[in-house]
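First up is the structure itself, then whatever we jot down about it.
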Amino acid sequence: MTQTISQNKTRRAIFPFTVRLEPRLETPRWLPYATSIGSFVGALLIGGIILALVGGDPLNAYAHIFLAAFGNAGVVSDTLVKASPLILTGLACLIAFRARLWNIGAEGQFYLGAFGATLIVQQVLGKDTSPWIFIPTMIGAGIAMGALCGFLPGYLKAKFGVNEIITTLMLNYIAFFWNAYFIYGSWSDRGFQLTPTFPQNAWLPRLADYALQIPAFAGLTIHLGLLFGLLATIGVWYILARTRWGYEIRLIGDNPNAARYAGINIVRNTIAVMMLSGALAGLAGMAEVTGVVHRLQDRISPGYGFTAIIVAWLAKLNPWAIIPVAILFGGLLIGSREIQPSGLARMLQGIILFMLISSEILNRYRIRVERIK
Amino acid sequence: MTFLTNILTAGIANGTALLFATLGELFAERAGVLNLGVEGMMLLGAVMGYSAAYSTGNVWLGILIGVIAGGVLSLLHAYVTIALRADQVVSGLSLTFLGIGLSLVLGEGLAQVKGVPTVPVFSLPLLAQIPFLGAILFENKSALVYLGYFLIPLAWYFIYRTRPGLHLRAIGEYPAAADSLGINVFRLRYFYVLVGGMLAGLAGASLSLSITPGWFSEFTTSGFGWIAIGLVIFAQWDPLRAAVGAYLFGSLRRFILDMQGPPTILFFPNPFFQDRNLQFFLEMLPYALTVIVLVIGSRAALRRRLGAPAALGIPYVRGERGV
C-alpha cells in the first residue's frame, strides 16, 4: 500500500543517493511547532547572510532589534501595542483561511474600520459625549465598516465566483484613497493631511491613565485594544472549536465537495466568514486610531493587514498561537524602526513565510535518503 | 481629439509594462502554476535593473539584469510549489513579501541617484505617417514598446499554433495525460514559471528605466503586478485579450491625470477641477475597474464554461489521482 514517489534527482556517479518522499500516515503533534520554530530561526540566518552581503552587521542588528523590542517594561509595552492590531488582523486572516478564503484585504478593512470610528467623532457624536457611549458606538462603527468591506468580495466570490484574492487586494487601494479623500478634504485639520485630535472621551483607556492609582503603570502605553484582541481570540477559538458554524467553516476549508454534499450553504457561509474577517480587521483599525494615533491620518498602518497573513500562517491557523506570534512580530516592528536598511523587517517576513511553507513538506512527507546499490 | 490622442499615446507606453507582466503570468498559469508574486518580481526587476543601469551606465545591461532578477526570484516559487508541492497561493504571497522587502533593502539610497540612462526612443519610418494611429502607435516610442508589439502575436502563435504551445496547454489542463505521453511536466512547469518571472522582471525594469524612470520604493509599481493578475483572468488566458486589457489600463493612468486639467468638459464645469480632493476617486479607478473587469470575466467564464486551466493551482504528483 505504501506509495512512494521518487524524485528524479539521481546522479549515479557523483551523488550515489536517492531522495524519496514517503507520505506520512500520521504527523506527530510536536512536528508542526518544531518546523515553525525551525523556519523562524532559519529565516533569521538567511536574512543575516543577505544583510551581511549588502554591507550590514547582522549580529548587531538582531541584538538591537531584540533589546529595542523586549529590553525593558516600557518597550515591552510598546511591543504589545504593536501586537494588538496584529492579533486582531491575524485572527481576521485565520478565520478566512480556515474556510479557504484568501482574504488579503485585512489592510483595507483596517483602514475602513479606522474611518468608521473617525466618522463617529467627526460627524455623529458631540465632543462632550460620555466615553461609555462614545467607545461602544465607535466599536460598532469600526466593526460595521470592516464587515462591509469584507461583504463585497465575499458576495462576489459566492455569487459570481470572482477571485477574492484580487478583489480584497484592490479594495486595499480603494480604502486608502477613500480615507485620503476625507483627510485631505473636509476632515482636514488646518490644511494638514490629518484630522484634528479626537476628544479625550473618545480615547481608549491606557494603562498609563491609571498611573496615579498604580504607580507601576506610569508610561505604559498598552490600551484596551489588547483586551479586544484577547477576547476575540477566545471568541474565534470558541466559534471554530465548539459551534456548528465553526464546524461548517472547517469542513468547507478542508473539503468543499464534502461540505456541498452534506448540504452546507456555501454561499451564505462564504459571505458570513468574509464579513466576520472584515469585522475583526475593522475592529483593529478602530482600536488603532482611538488607542494609539487619536486621529485619522494617511499612514496609520505599517502593513498590519499584510503582516497578519504571515502571523496567521506561522500560528498554523491555531487561534491560541496567534497571540505569541503577534507579539513576536510586534517586537520585530518596534525593534526594526531605527534599523537601516528600512526594508529589513519586510524582507525577514518574506523569508520567514517562505521557510515556513517549504518546511511544511516535512509535516506531510517523510524524507528518506537511500544509498543506491 | 488631442485629449484622446494624448491618453492613448501614454496608454501604449504605460500599458507595455502591464503587457509584459500579464503575458508572463499568462504563461505560468497556462502551465498550471498560479504565481501571485508578480508585484514582488516586478519590484525586484525594477530595482535591480535601475541599479545595474546606474552602476554600468548601460541601459540594456540594466534591462537584462532586471529580467534575470525576476527570473531568479520566480525559480524560488517554482521550486517550492513544483518540487515541494507547497500551496501556490501562500507561496506566491510570500514571494510578494520577499520581493518587496528585498527591493527596499537593495534600493536603499537609490532614489537620490541621478544620470541613470533610459531606454532609447525612436519613430518607425513610414508607419508613423499613418494619420491618427501612426502618432499613437509608432511615433517617439521606447524600444520596449515595439518589443511589446512583437511579443503579442508571438505569444498567440506559440500557444495556439505550435507543438511546444500544445504541450504548454496540456500540462495546465491535464498533466497526468501529458506525462503519460512523455512530456516532462516538472521541467516544463519550471520553465514557464521562469518565463513568467523574466517577463515580470522585464515589466519592472521597463517601468524604472523607460516608462516612469526612477526608483520610488514600492510606489514604482503601485499595484501593477496585482492588476496584471486580474487582467489574466479578464483575458481568459488569451494573449490578444490580455494585450487589449493592458493598453486600456495603461490609458486609464493618463486619463486620471488629464481629467484634472481642463476647467470644463463639453461645456459642463469639471468637478475634478473644482474640487481637487475628488482626484482620490479618480485614483481609485484602476483598482475599482479591475474588480469590475474580474466580475465581467468571471461571469463570461461561467456562461461559456471556459475558464482557468483545469490544473491551475494543483501541484502535480506522479501516480496520484486527479488532474
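These numbers come from the heavy atoms of this one structure, side chains and all, not from hydrogens, waters or symmetry mates. Reminder, nothing fancy here: chain letters follow the sequence lines and each chain counts from 1.
- When each of I310(A), L156(A), L171(A), L344(A) is scored by its heavy-atom pairs under 4.5 Å with chain B, the top score falls to I310(A).
- Aromatic ring centroids of F177(A) and F281(B) lie 6.0 Å or more apart.
- Residues of residues 38-47 of chain B lying under 4.5 angstrom from chain A, judged on non-hydrogen atoms, are E39(B) by number.
- L169(A) touches chain B through its side chain: at least one heavy atom from C-beta onward sits under 4.5 Å away, while N, CA, C and O do not.
- Within the 4.5 angstrom heavy-atom criterion, only side-chain atoms of I165(A), from C-beta onward, approach chain B.
- Ranked by non-hydrogen atom pairs under 4.5 Å with chain A, the options L285(B), L104(B), L36(B), L76(B) are led by L76(B).
- The candidate with the highest count of non-hydrogen atom pairs below 4.5 Å against chain B, out of N163(A), V162(A), I352(A), T307(A), is V162(A).
- Neither the backbone nor the side chain of S217(B) comes within less than 4.5 Å of any heavy atom in chain A.
- In terms of the ring-ring contact (aromatic ring centres under 6.0 Å, His included) criterion, residue partners of Y173(A) (sequence neighbours excluded) are, by chain and number, Y287(B).
- Contact annotation for I229(B): both backbone and side-chain heavy atoms come within less than 4.5 Å of a heavy atom of chain A.
- Contact tally against chain A (heavy-atom pairs below 4.5 Å) for E283(B), Q279(B), E218(B), H77(B): the top residue is E283(B).
- In this structure, the ring-ring contact (aromatic ring centres under 6.0 Å, His included) partners of F280(B), at least two apart in sequence or on a different chain, are Y184(A).
- Atom CD in Q349(A) sits 11.5 Å away from atom OG in S94(B) (nearest 0.5 Å).
- Applying a 4.5 Å heavy-atom cutoff, the residues of residues 46-54 of chain A that approach chain B are I50(A), V54(A).
- Listed for the R364(A) side chain is a donor-acceptor partner under 3.5 Å among the backbone atoms of R85(B).
- Looking at I227(B), both its backbone and its side chain come within 4.5 Å of chain A, counting heavy atoms on both sides.
- Contacts of V80(B) with chain A are made by side-chain atoms alone, with heavy-atom separations under 4.5 Å and no backbone atom involved.
- A 4.5 Å side-chain heavy-atom check between W102(A) and D87(B) finds at least one atom pair inside the cut-off.
- For a residue to count as touching a neighbouring chain, one of its non-hydrogen atoms must lie under 4.5 Å from one of that chain's; by this rule F182(A) does not touch chain B.
- Within the 4.5 angstrom heavy-atom criterion, only side-chain atoms of I233(B), from C-beta onward, approach chain A.
- Side-chain contact between V105(B) and R346(A) is absent, with no heavy atoms from C-beta onward closer than 4.5 Å.
- Only the side chain of I309(A) comes within less than 4.5 Å of a heavy atom in chain B; its backbone stays farther off.
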